[in-house]
Amino acid sequence: MRVLVVEDDALLGDAIQAGLKQSGFAVDWIKDGVSAEQALTTEPYAAVVLDLGLPRLSGLEVLRRLRSRNVSTPVLILTAMDSVDDRIKGLDAGADDYLIKPFDMDELAARLRALIRRASGKTDPLLELAGVKLDPAAHRVLYRDKPVELSAKEFALLHALMLNAGKVLSRAQLEEQLYAWGDEIESNAVEVYVHHLRRKFFPGLIETIRGVGYLMPRDKVA
Ligand code: CA
C-alpha cells in the first residue's frame, strides 16, 4: 500500500518514512503543503499522514481542498500535545483520525491499516479468499492453513489484489501501489510477481484480463 507522508520536520519525517517502510508500506515523503496538494491531485494513495503546521500551505488547507474535490482518501493528522483546537478543526475539515506528537511508529502503522481497511469497506482485518488468508498486521500469509513465504513486493501485490477482489486493476495501478518515488521500478515487475503468486498458490488465483490488467475473482475456489 502506498501512502503519502506530509511532515516538514526532517527528523520526524525521516523516522515516519523508515517506520512505515518497515511495516511494509511504500512511502512518499513531502515537506510542504503546496507540494502535498500537487501530489494528491496526481498520485493515488491508500492513505495520507498529514502534519498541520506546514510551510507554504497549512495542513488544514490541504485537507479542506482535498475534501472539496470529493477525494475520500483516509487522512490521519499529526498534532501537538496542547492543540485540542487543531484536532477539532482537523476532524471537522475531513480528517479520519489523529495522533498526538510524540507517537509510537507501530501505532501509526496500525491506525493506517485500520483506516485503509475501513475505506475499502472491510471490517475483518484478516483478508480471506480462495483458501488464502492474509494478515496485514503480522505480514503473514497462509494457504490452506500453511504459512507461505512471500517477498515484500509479492505480499504488497497480493494485499492490493485481495483488498480489491472482484475488480480489475491495471498494471499501472498495481505499480503505483508497490513503488514509492525514487524506487527503481523493475520492468515487467507486476507480471513477474503475478507469476510468482500463481506458482506459490494456484494458477487461477489471479486472472489476466487482456489489455486491461489483473483480477482476483471473489468466488474462486482452489
Ligand atoms: Ca510542522
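Both ligands and their constituent atoms are indexed starting at 1 by order of listing. We count residues from 1, following the sequence as given.
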Q: Using the Ca ion (ligand 1) as the apex, give the angle to atoms O (Gly53) and OD2 (Asp51), rounded to 10 degrees.
A: 80°
Q.
Restricting to N/O/S atoms, is Asp9 within less than 3.0 Å of the Ca ion (ligand 1) or not?
A. no
Q.
Given 3.5 Å as the limit, does a donor-acceptor pair link the side chain of Lys31 with the main chain of Ala10, or not?
A. no
**Q.** Minimum-distance N/O/S atom that Asp8 presents toward the Ca ion (ligand 1)
**A.** OD1
(Q) Suppose the criterion is ring pair (Phe, Tyr, Trp, His ring centres under 6.0 Å): which pairs have a residue in residues 158-200, not counting sequence neighbours? (A) none
Q. Between Lys153 and Glu186, is there a salt bridge with N-O shorter than 4.0 Å?
A. no
Q. Under 3.5 Å, side chain of Arg117 to main-chain N/O of Gly121, donor-acceptor pair present?
A. no
